[in-house]
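Take a look at the structure below.
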Amino acid sequence: MRTVPAWGDFGAIRVAAASAGSWAVLYRCRRAFSSDARLLAAVRVVDSTGLWSGVRSSPRSGVRAWVERYGDGHGMPHGGAGRVLTHGRWQTKGAGPTVLVDAAIRQADPWHAHGLLPLEVALQELIWSRVFGAFLPAGCVPVVGLVAPGGTCPVQTDDGLPSRAPRALLLREAVLRPAHLLPAPAFEARRPAGWPSETQRMARAYGRFWAACVEPLTGSAAPTLDNLLQWRRVLVSRVAHQCAAAQVRRVMHGSLNASNMAFDGRWLDFGTAVGLPDYGNSKGYGYPRRFATLWEEPSGAAAALLHWEAVIGQHVLGEAARSVWRSEDTRSGFESAHRQALAHEALLVAGIPEDALPAAEAATVARTLGPALVAVMREGNQQRIEPRSPDMKSIGRDGLADVLGALSQSRSSADAARRLAAAAVPEHLVPALAKGLGTLRQAWQHHRGHPTDAGLHGLNALLWLGAERARDARADLTLGAFRSLCRRVAQRALRRGQGAQELSALVAAVDNRARAVFAPPSLHEAWAGNGPRGERLGYDTESGTWFQQRGKRREPRPELALALAGGQLAPDRGDLRDAG
């Protein structure tokens with residue numbers, strides 16, 4: 001499903017483009033490009049006079065590229081990519097206004113119609129692609145390069161005022177999206193003469209649909225209904241799981257629609273992504289009403305699938321097959337997959353690794369403790385909040401850390417109920433949490449072969465580590481703080497001799513932090529989080545020992561061994577914090 005087809009087969013427009021010349025490379029993914037020269041050779045910009053004036057070297061014209069044609073099925077005026085060029089495997093974002101930009105788009109969307117990309121927004125997309133890549137089950141479309149062509153572009157401040165900022169070129173992998181197979185009726189009305197109509201474009205695209213999307217997944221080139229239904233089930237499940245994985249970690253894409261997800265479930269376009277300080281049902285930066293909130297965001301992804309599904313039924317299926325291609329199946333399948341994924345991901349956030357239990361016992365725990373933890377996340381956070389400012393530190397609740405802390409110190413279900421009540425957990429949630437913990441303890445004891453309750457101290461320690469991860473405020477990834485960080489780095493990144501080094505250091509730091517805070521825990525190493533000077537406290541379940549990491553040096557912590565060997569020291573929060 002990740003194979004990039006010939007873009008012309010999907011109704012794209014072939015245009016003249018320019019290569020990047022010798023512009024400054026601010027970031028390069030070493031796995032994708034072995035040198036800056038190779039990255040620059042993949043960059044393409046719109047070949048228009050004057051747009052790229054003032055750069056260090058004039059671009060070479062005459063290179064061919066594609067402009068994507070796609071739609072959303074609604075009233076948006078665009079007919080596809082207004083600032084993105086596709087060339088082979090890669091896409092350049094911020095390449096300049098493409099042939100799809102006309103007067104209607106300039107009036108409806110002036111902040112995108114100029115075709116350029118502010119450097120601080122490019123930084124947001126780069127960093128969030130690394131953060132989401134740390135835990136999303138289907139992954140995300142990677143950003144593989146940032147280039148500084150010089151000059152500035154128009155931007156809108158947080159107060160809605162016009163300003164200017166340094167611009168950038170972003171290079172990412174080219175992927176197929178549901179939007180490529182949706183009509184753009186608003187664009188059809190003013191389509192230039194000689195261009196394929198929306199009907200013609202979609203007919204060509206669906207002619208390539210089986211080979212580009214279905215065959216790589218099912219392994220069969222036969223356009224059968226069974227293959228199509230199998231492919232739909234996998235796609236719906238992947239999209240639902242993506243949404244659930246983000247929600248339980250309090251991060252939002254911000255604008256999930258048919259053009260911001262790929263046909264293999266991956267996400268892209270992270271200019272609206274945000275981390276929330278709690279589970280409050282709020283928007284990232286006080287976005288307009290059309291942007292979904294944390295607990296509403298999956299509905300936008302489901303709506304995109306349902307809309308695309310209605311169109312594919314007209315173009316791919318015969319009359320006899322349309323009766324079994326029902327939107328109700330997709331809607332119910334999405335809701336069921338999302339509900340199960342929420343419970344599964346809640347256990348990961350709680351500190352229970354996927355490899356901690358056999359599949360059957362893990363499923364039983366996911367049906368008991370998982371939904372109870374999700375209920376804790378939702379408790380008091382169902383009301384829709386539309387803040388007027390980016391400061392949202394006190395608009396919601398996050399009781400997960402307290403719940404996990406109480407569970408980690410308990411020795412039985414009854415003890416758990418008492419500790420939960422003392423932690424001010426809502427009374428109606430206590431029975432389900434206590435029962436779920438009992439199910440987890442039984443499954444753990446059976447699988448790990450511990451004959452006594454003392455042998456479950458390792459499980460308590462993992463729950464405590466989950467509480468520490470849940471308690472992390474993630475201040476550097478939330479709202480205004482994150483945007484300010486990107487803005488400051490953008491201002492410094494263009495200084496001679498410092499831009500690439502500073503940006504690489506920032507990306508590495510965010511990548512390490514994302515994997516420490518957001519990534520699912522491993523049974524081999526369960527981290528307690530970052531300490532001063534890069535120190536980290538962890539537990540190696542293979543050897544059954546605690547350790548402290550300082551840089552590359554790992555030191556054993558034998559004074560904590562009793563907590564995991566059935567001794568007298570209970571792994572409660574105070575003991576571990578004092579020791580660490």
Side-chain angles (χ1 to χ4, degrees), residues 1-14 32 66 68-73 80-81 84 86-91 136-142 144 172-183 196 198-242 257-268 301-302 304-327 329-330 333-334 337:
M1 295 177 70
R2 299 187 181 184
T3 302
V4 179
W7 285 101
D9 292 341
F10 281 80
I13 304 298
R14 195 173 187 182
W66 296 95
E68 295 175 284
R69 288 274 305 277
Y70 58 78
D72 65 351
V84 176
T86 302
H87 183 265
R89 180 184 174 186
W90 309 110
Q91 288 187 325
L136 287 180
C140 60
V141 176
V144 295
R172 70 186 181 198
E173 184 180 339
V175 293
L176 281 175
R177 296 170 263 172
H180 289 119
L181 300 176
L182 286 177
E198 286 297 285
T199 301
Q200 294 171 324
R201 177 184 70 84
M202 294 181 65
R204 294 177 184 177
Y206 277 106
R208 286 278 291 159
F209 170 73
W210 288 96
C213 298
V214 181
E215 183 179 351
L217 176 64
T218 63
S220 173
T224 66
L225 179 60
D226 287 343
N227 285 343
L228 187 61
L229 291 174
Q230 176 191 356
W231 181 78
R232 181 179 69 172
R233 285 192 297 270
V234 173
L235 177 61
V236 167
S237 177
R238 287 186 178 185
V239 174
H241 204 161
Q242 290 274 86
N257 54 46
S259 65
N260 288 343
M261 65 178 75
F263 258 130
D264 56 6
R266 290 183 293 171
W267 287 358
L268 68 156
L305 292 178
L306 289 169
H307 192 177
W308 162 77
E309 180 180 85
V311 176
I312 195 175
Q314 301 172 8
H315 288 267
V316 174
L317 300 175
E319 189 66 33
R322 290 176 189 169
S323 61
V324 298
W325 183 260
R326 301 176 302 179
S327 59
D329 295 337
T330 294
F334 183 92

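Since the structure is predicted, the reported quantities are computational estimates derived from the model, not experimental observations.
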Heavy-atom pair with the smallest gap, counting every atom of [X] and [Y]:
X      : Y      : value
Val239 : Gly265 : CG2-CA, 4.5 Å
Tyr70  : Ser259 : CE1-CB, 4.0 Å
Ala262 : Pro178 : C-CD, 4.2 Å

Return the [atom1] to [atom2] distance between [X] and [Y], rounded to the nearest 0.5 Å.
X      : Y      : atom1 : atom2 : answer
Leu268 : Glu173 : CG    : CD    : 10.0 Å
Arg233 : Thr330 : CZ    : OG1   : 10.5 Å
Ser237 : Gln242 : OG    : CD    : 10.5 Å
Glu198 : Leu182 : CD    : CG    : 10.0 Å
Ile13  : Thr86  : CD1   : OG1   : 12.0 Å
Thr224 : Trp210 : OG1   : CH2   : 5.5 Å

Heavy-atom check, side chain of Leu229 versus side chain of Arg232, under 4.5 Å: yes

Side-chain touch Leu235/Phe334, heavy atoms, less than 4.5 angstrom: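 Leu235 vs Phe334: side chains apart.
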
Of all residues at least two apart in sequence or in a different chain, which pass the side-chain contact (heavy atoms from CB on, under 4.5 Å) check with Asn260? His253, Ser255, Asn257, Asp269

Look only at the side chain of Arg238 and the backbone of Asp264, and say whether a donor-acceptor pair between them is shorter than 3.5 Å. yes

Using modelled atom types and a 3.5 Å cut-off, is there a donor and acceptor pairing between side-chain atoms of Arg201 and backbone atoms of Arg69? yes

Write out all pairs satisfying salt bridge (charged side-chain N to carboxylate O under 4.0 Å, His left out) with one or both partners inside residues 5-14, taking only residues at least two apart or from two chains. Asp9-Arg208

Side chain to side chain contact (heavy atoms under 4.5 Å, CB included) for Trp231 and Phe263? Distances and angles first, verdict last. CA-CA 10 Å; Trp231 181 78; Phe263 258 130; 3.5 Å; yes

Residue set satisfying side-chain hydrogen bond (donor to acceptor under 3.5 Å, both in side chains) with Glu68, at least two apart, ordered chain then number -> Gln91, Arg177, His180

Side chain to side chain contact (heavy atoms under 4.5 Å, CB included) between Phe209 and Leu228: does it pass, once the steps are laid out? CA-CA 11 Å; Phe209 170 73; Leu228 187 61; 3.8 Å; yes

